[in-house]
Visitor: 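Let me begin by handing over the structure; questions about it come next.
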Amino acid sequence: MSRIYLETIIEADIHTVFDLARDIDLHQKSTSKTNEKAIEGRTHGLIELNETVTWRAQHLGVYQTHTSKIVSMEKPYQFTDVMLKGTFKFFGHQHIFEEKGKNTVMIDILEFESPLGIIGKLFNKVFLKNYLKDFLLERNAIIKKIAEL
């Protein structure tokens with residue numbers, strides 16, 4: 001299983017950052033490079049506990065769909081989504097928010113496993129982990145920019 005851990009310090013209150021991180025419309029704007037669109041489940045607004053969203057996006061030149069569900073949420077401190085259907089063998093993303101003075105620390109813990117056994121593990125190590133990390137960094141930069149306006 002591969003794991004990505006990121007911390008983003010944002011000069012904004014925890015409630016604002018928490019809501020921006022679960023905003024479907026903002027997610028679609030922040031992922032415009034992959035033409036990501038919410039096509040089923042919650043398709044606009046703030047996703048809530050036990051809701052699902054199905055995304056359609058172009059990654060690595062191929063359109064893919066990915067359905068995830070919010071399986072835990074403690075406002076405004078954390079929420080976790082896990083893949084129900086998609087190309088990964090496993091995909092889980094913890095979103096954690098901590099207040100530090102006037103800042104919010106947004107923590108992403110993304111764990112994933114590709115299919116195809118040893119070939120998938122090699123692909124993760126050589127390419128996919130960095131691809132997903134860059135994807136998250138770009139998304140987090142947009143959340144930070146909007147939160148700090």
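These numbers come from a predicted model, not from an experiment. Quick note: numbers below take in every heavy atom, side chains included, and nothing from hydrogens, waters or symmetry partners.
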Visitor: Tell me, please, which residues at least two apart from Glu36 pass side chain to side chain contact (heavy atoms under 4.5 Å, CB included).
Guide: His27, Thr31, Thr34, Trp55, Ala57, His59, Phe135
Visitor: Got a salt bridge between Lys69 and Glu51, using NZ or NE/NH1/NH2 to carboxylate O under 4.0 Å?
Guide: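 Here Lys69 does not pair with Glu51 in a salt bridge, since their nearest N and O are not under 4.0 Å apart.
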Visitor: Under the side chain to side chain donor-acceptor pair (under 3.5 Å) definition, can you give me all pairs with a residue in residues 82-94, not counting sequence neighbours?
Guide: Gln64-Thr87, His93-His95, His93-Asp108
Visitor: After noting the C-alpha distance and the side-chain angles of Lys129 and Ile4, does the key distance pass the side chain to side chain contact (heavy atoms under 4.5 Å, CB included) rule?
Guide: CA-CA 7 Å; Lys129 186 172 183 178; Ile4 297 168; 3.9 Å; yes
Visitor: Could you state the interatomic distance from CZ (Phe88) to CE (Met83), rounded to the nearest 0.5 Å?
Guide: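 Between Phe88 CZ and Met83 CE, I get 8.0 Å after rounding to 0.5 Å.
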Visitor: Evaluate whether atom CD1 of Ile9 has more than 12 neighbouring non-hydrogen atoms of other residues, nucleotides or ligands under 6.0 angstrom away.
Guide: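 Check fails, neighbour count at 12 or below.
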Visitor: Looking at side-chain heavy atoms only, is the closest gap between Thr104 and Phe18 below 4.5 Å?
Guide: no
Visitor: Whether Arg42 and Glu48 form a salt bridge (side-chain N of Lys/Arg under 4.0 Å from carboxylate O of Asp/Glu) is what I want to check.
Guide: no
Visitor: What is the distance from atom CG of Leu49 to atom CD of Glu74, rounded to the nearest 0.5 Å?
Guide: 11.5 Å
Visitor: When rounded to the nearest 0.5 angstrom, what distance separates CG in Leu20 from CD1 in Ile146?
Guide: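 Reported value, rounded in 0.5 Å steps: 6.5 Å.
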Visitor: If you apply the rule side chain to side chain contact (heavy atoms under 4.5 Å, CB included), what do you find for Leu60 with Phe127, and how did you get there?
Guide: CA-CA 11 Å; Leu60 310 175; Phe127 178 77; 3.2 Å; yes
Visitor: Under 6.0 Å from the six-membered ring centre of Phe79 and within 45° of its axis: does the NZ or CZ of Arg22 meet both?
Guide: no
Visitor: Looking at CG of Leu137 and NZ of Lys144, how far apart are the two atoms once the value is rounded to the nearest 0.5 Å?
Guide: 12.5 Å
Visitor: Rounded to the nearest 0.5 Å, how far apart are CD1 of Ile10 and CD of Glu148?
Guide: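 CD of Glu148 is found 6.5 Å from CD1 of Ile10.
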Visitor: Quick one: CG on Asp81 to CE on Met73, what's the gap to the nearest 0.5 Å?
Guide: 9.5 Å
Visitor: For Ala21, does its backbone N or O pair with a side-chain atom of Arg139 as donor and acceptor, under 3.5 Å?
Guide: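 Yes; judged by distance alone, with no hydrogens or angles, the pair exists.
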